[in-house]
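Have a look at the structure below before the remarks.
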Protein chains: 2
Amino acid sequence: MNADKIPDIIVGRLPVYLRALQRMADKGLKTTSSQELGEHVGISAAQIRKDISQFGEFGKQGTGYSIEFLTDKLRSILKVDRIWDVVVVGAGDMGHALANYQGFKDRGFHIVGIFDNNKEKVGGTIGNFTIEDTEIMVERIKAMGVKIAMLTVPAAAAQDVAEKLVQAGVRAILNYAPITLNVPNNVKVQYIDPSTHLQRMTFYL
Amino acid sequence: MNADKIPDIIVGRLPVYLRALQRMADKGLKTTSSQELGEHVGISAAQIRKDISQFGEFGKQGTGYSIEFLTDKLRSILKVDRIWDVVVVGAGDMGHALANYQGFKDRGFHIVGIFDNNKEKVGGTIGNFTIEDTEIMVERIKAMGVKIAMLTVPAAAAQDVAEKLVQAGVRAILNYAPITLNVPNNVKVQYIDPSTHLQRMTFYL
DNA sequence: CGGATTTTGTACAATTAGGTACAAGTGCTT
DNA sequence: AAGCACTTGTACCTAATTGTACAAAATCCG
């Protein structure tokens, strides 16, 4: 498998397949087909077969895919066959929600730190975490070797913080701030902005 | 402008343009070009010109686009030249964060209700909101004529709640639950799942 | 005022993504 | 053991998306 040659759009669908497979496994199912999986995720069976076949021949004619086997393959392809350390920057309501969220641990992620620049928040706790000062963020991230960050600071601060994260060695940013970030090509950004998502739907109302 | 003919992928970029234009307006800028806007949002100038030209000739050769004029046009196209009532279902941490979020009001949305099925939460308050019982949700949504919902319930409950929302007349769902929803074709869904978004990036690490 | 510069909107070309169809492998049933 | 139903992986085709290039319009500047 040549990672450079896989289109982003296919990579973007793999986590959706993986999520559905994990739900099937939780229900005790052992095998599935592109047809069945497609019905669960709202994607055509042919599309799913073609996406998966980019990485190898994981299915068996007549029976379909072993859920456990395909899950393992997808986890390996997406590199979530390990646990990634993640930091949260911004200890507002969204930072709190992410820190308390239980949905990371089964999907390959583990929060190892929360930072904020508000001196009144620094030293406070969220669950088991102590909020640390943004001033020591770069050195802490470097020391821990963290490659992934979730950014929940106000839009006005987001670009500055993103640059610090890049400087600290972060290579993937999940950006909750409502602004496009300018980062080097080797750093990936995913955007979560509820207003933007809502505006994508109002067009059709 | 024929809404049926506009590809989803273009509609998806319009809110990003709008967001950047609103920031420029806040800085006091009056005009911009496809070149400049493209640098802000990380999209090629030609792409932006082509996207915008789907809806009319809003620019002027030599000078570019009036920020105010283009903003108005995009708001109108996206139907956020009005305020949409929105409900939140699920009063967990994410429901709290959304209820307290100040970033909706300038972008066309107004939260008018929060629901939860936990009797211990019902009657409690989040900011100015009183948490209402999911049992009365359908009738309340119908009475208010709400068309948009944000879903922050656990995955196990999401499909059931989505069906109730559809029954109540909701036509757009912003789904924070980590599961694909099965809804009629005339109902739009946007997905926000931090683990899925993170997994889209780990592939490249 | 006139040439240089900027910028749009679009025609055309190239690339990318998705749909269709089917040979071939697998297992089930009788 | 033979036929049937199911399902994959892929070759081929079609549609959708993006990139390139440029004529035409508008402004700027000396």
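Letters A, B, ... are given to chains in the order of the sequence lines, protein chains preceding strands, and every chain is numbered from 1. Values below: every heavy atom of this structure, side chains too, minus hydrogens, waters and symmetry copies.
Counted within 6.0 Å of CG on A:N128, heavy atoms from surrounding residues, nucleotides or ligands total 12 or fewer; the atom is thus considered open. For B:K60, the NZ atom counts as loosely surrounded, since its 6.0 Å shell holds 12 or fewer non-hydrogen atoms of other residues, nucleotides or ligands. No more than 12 heavy atoms of other residues, nucleotides or ligands sit less than 6.0 Å from atom NZ of A:K164.
We find that NZ of A:K73 is positioned 17 Å from P of D:dT8, with the value rounded to whole Å. Taking atom CZ of residue A:F55 and atom C1' of nucleotide D:dT10, one finds them 16 Å apart after rounding to whole Å. The separation between B:E57 atom CD and D:dA23 atom P is 18 Å, rounded to whole Å. Note: CG (A:L37) to P (D:dT7) measures 13 Å, nearest angstrom.
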### Task
Start with the C-alpha distance between A:M150 and A:I192, add both sets of side-chain angles, then the distance that settles side chain to side chain contact (heavy atoms under 4.5 Å, CB included), and finish with yes or no.
CA-CA 10 Å; A:M150 299 193 282; A:I192 292 182; over 6 Å; no
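No side-chain donor-acceptor contact under 3.5 Å links A:K147 to the backbone of B:L205. Between the side chain of B:S195 and the backbone N or O of A:G103 there is at least one donor-acceptor pair closer than 3.5 Å.
A:Q167 and A:E163 form no side-chain donor-acceptor contact under 3.5 Å, judged by distance and modelled atom types alone.
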#### Entry: Summary of protein contacts for nucleotides 1-7 of chain C, nucleotide by nucleotide, where a base hit scores B, a sugar-phosphate-only hit scores S (4.0 Å, heavy atoms)
-----BB
### Task
Sugar-phosphate atoms are those with a prime plus P, OP1 and OP2; base atoms are the rest. Using that split, label each nucleotide of nucleotides 11-19 of chain C B, S or - for protein heavy atoms under 4.0 Å, 5' to 3'.
------SBB
